[in-house]
Novice: 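Quick one: the structure is below, questions incoming.
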2 protein chains.
Amino acid sequence: MSTADGSGATGTRERIVLAASRLMQRQGYDGTGIKQISTEAGATFGSVYHFFPGGKRELAVAAIRHGDQEFGDFLREELDRVDDPAEAVAACARTLAAGLRASDWTDGCPVTATALGSATRAPEIQQAAAAAFERWRGLVAERLRRSGLPDADARELAATVVSALEGAEFAAQVSRSEEPLLTTGRQLARLISSYR
Amino acid sequence: MSTADGSGATGTRERIVLAASRLMQRQGYDGTGIKQISTEAGATFGSVYHFFPGGKRELAVAAIRHGDQEFGDFLREELDRVDDPAEAVAACARTLAAGLRASDWTDGCPVTATALGSATRAPEIQQAAAAAFERWRGLVAERLRRSGLPDADARELAATVVSALEGAEFAAQVSRSEEPLLTTGRQLARLISSYR
DNA sequence: CACTAAATAGAACGATCGTTTTAGAGGAGT
DNA sequence: ACTCCTCTAAAACGATCGTTCTATTTAGTG
């Protein structure tokens, strides 16, 4: 069978994707070597090229797709914990800030660092990152629509929320402070509240 | 004299910083080689290490500081062209979007790509990027204060504006579409307008 | 048991990386 | 003319990069 099954032991391929995603999240595409990935994953060099014949670029696409799903799950889960959508977005920002601090400011957005810089050279990577952004916007928009906002407003707000959270996470990471994320969360809540 | 003077011919050192800033903006820190920088700058290999004995890291710090000033000048200039601060921010986003498209989506924020990935390893780079963000927030806050907003509100809004524009620029770049920037600009304008 | 395919293991390749080192060219000051 | 110092020029270094290649081990099927 080619696709990953849900068996108990973590497959080698899955471990490789996980390590690649985490390392590229911290060091970027060019800053992460395949050797480092294989070591971190507890796999051998040959295994990486066995599962990813396309080499580093194919591996980066898989890593981005993993980050896509990971952050998507986080968004869906976090946005459903509070009734008020404005407060839900603010809570989202708070959780992101706490996680960033917990990692000592190393783990930012799992897609940004991987895509930045390599996107211009590899269209496949750029497309995977674009798909992630599009999905996240859709998730937030759906949540806002569920709270009664018209589709057009929900879409505009969702794009703003995703962009702002992304930028605030990077600002917080580079400033080593939760403040940009917390501030942006508060202002996004105010903006959303202004729509009803 | 050690600092750059304002003489006519573009100095070698200045050309090197310019090339480094532009290349790292597109390819990131690790994706840009010193050899490529020297070639692009029309300088020789030795010249780079003559002007930047600290090597690549020192060069990256200089590139970030250049981008800091460049984007700061852009902000100051663009925000002063319109009376209404909300409309000024939206205009800012539109100009960024147009510039991004004009470069065929290659030239994003001059600081983001350089700092991302290398910031964890090199504290000097992280600090230079943090200083840039701080300065930009100050510029926007000053503009908002000048329009009559209380200091506390101006500061919160400024942090949100800078973070959101940053994130929207990256989203637009990776999506190869002006929309994220235009949408974010509109919503930021609405948010600012809600403060009076 | 033999046969086959998947997965693991690691040596080897050419290329490029950042850096160091040494040598030469161009002017300014005495 | 001679010296000092900035700047240019390029060779050379060890290290690491992504990739390819060849064996070896493991697992599944007849």
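What you see below is based on every heavy atom in this structure, not just the backbone, and it leaves out hydrogens, waters and symmetry mates. This one's a predicted model, so the numbers in the text were calculated from it and none came from an experiment. Order of the sequence lines sets the chain letters (A, B, ...), proteins ahead of strands, with each chain counted from 1.
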Novice: Take the protein atom CZ of A:R57 and the nucleotide atom P of D:dC17, then report the distance between them rounded to whole Å.
Specialist: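 Spelled out: CZ on A:R57 to P on D:dC17 is 18 Å.
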Novice: More 5' along DNA chain C: A:T12 or B:P53, using each one's nearest nucleotide?
Specialist: A:T12
Novice: Among C:dT8, D:dC7, C:dT20, which nucleotide sits nearest the side chain of A:S47?
Specialist: C:dT8
Novice: Would you indicate whether the side-chain heavy atoms of A:L96 and A:F74 approach each other to under 4.5 Å?
Specialist: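 They are in side-chain contact.
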Novice: Taking the side chain of B:H50 as heavy atoms from C-beta outward, which of C:dT19, D:dC7, C:dT8 is closest to it?
Specialist: D:dC7
Novice: Once you round it to whole Å, what is the distance between P of C:dC17 and CG of B:L23?
Specialist: 12 Å
Novice: A:R26 versus A:D107: any side-chain heavy-atom pair under 4.5 Å?
Specialist: yes
Novice: Contact between A:T12 and A:R15 at the side-chain level, heavy atoms closer than 4.5 Å - yes or no?
Specialist: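 Yes, close enough: below the 4.5 Å cut-off.
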Novice: Could you state the CZ-P distance from B:R13 to D:dT6, rounded to the nearest angstrom?
Specialist: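 B:R13 atom CZ is separated from D:dT6 atom P by 14 Å.
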Novice: Checking all strands, does A:G46 fall into the base, sugar-phosphate, or nothing category for heavy-atom contacts under 4.0 angstrom?
Specialist: base
Novice: For the atom pair CZ (A:R176) and CG (A:L100), what is the distance rounded to the nearest 0.5 Å?
Specialist: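 If we round to the nearest 0.5 Å, A:R176:CZ and A:L100:CG are 9.5 Å apart.
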Novice: Could you please name the option among C:dA7, C:dG10, C:dT19 that lies closest to any side-chain atom of A:F45?
Specialist: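 The answer is C:dG10, which lies nearest to the side chain.
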Novice: Rounded off to whole Å, could you give me the NZ-to-C1' distance for the B:K56 and C:dT16 pair?
Specialist: 11 Å
Novice: So is B:R190 actually on top of A:Y195's ring, under 6.0 Å and inside 45° of the axis?
Specialist: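 Output yes; distance and angle both within limits.
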Novice: Which whole-number value in Å describes the distance from A:Q36 CD to D:dG18 C1'?
Specialist: 14 Å
Novice: Nearest-Å distance, CD1 (B:I16) to P (D:dC7)?
Specialist: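 My rounded result for the distance is 11 Å.
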Novice: To the nearest angstrom, how far is A:K35 atom NZ from D:dT19 atom C1'?
Specialist: 12 Å
Novice: With sugar-phosphate meaning primed atoms plus P, OP1 and OP2, does A:T32 contact a base, only sugar-phosphate, or nothing at under 4.0 Å between heavy atoms?
Specialist: sugar-phosphate
Novice: Which nucleotide sits closest to the side chain of B:I34: C:dA7, D:dG18, C:dT19?
Specialist: C:dT19
Novice: Rounded to whole Å, how long is the line connecting atom CG of A:L59 with atom C1' of D:dC17?
Specialist: 15 Å
Novice: Give B:Y49 one of three labels, base, sugar-phosphate or nothing, depending on what nucleic acid heavy atoms sit under 4.0 Å from its own.
Specialist: base
Novice: Which listed nucleotide (D:dT19, D:dC7, D:dA9) is nearest to the side chain of B:T44?
Specialist: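 Per side-chain heavy atoms of B:T44, the pick is D:dA9.
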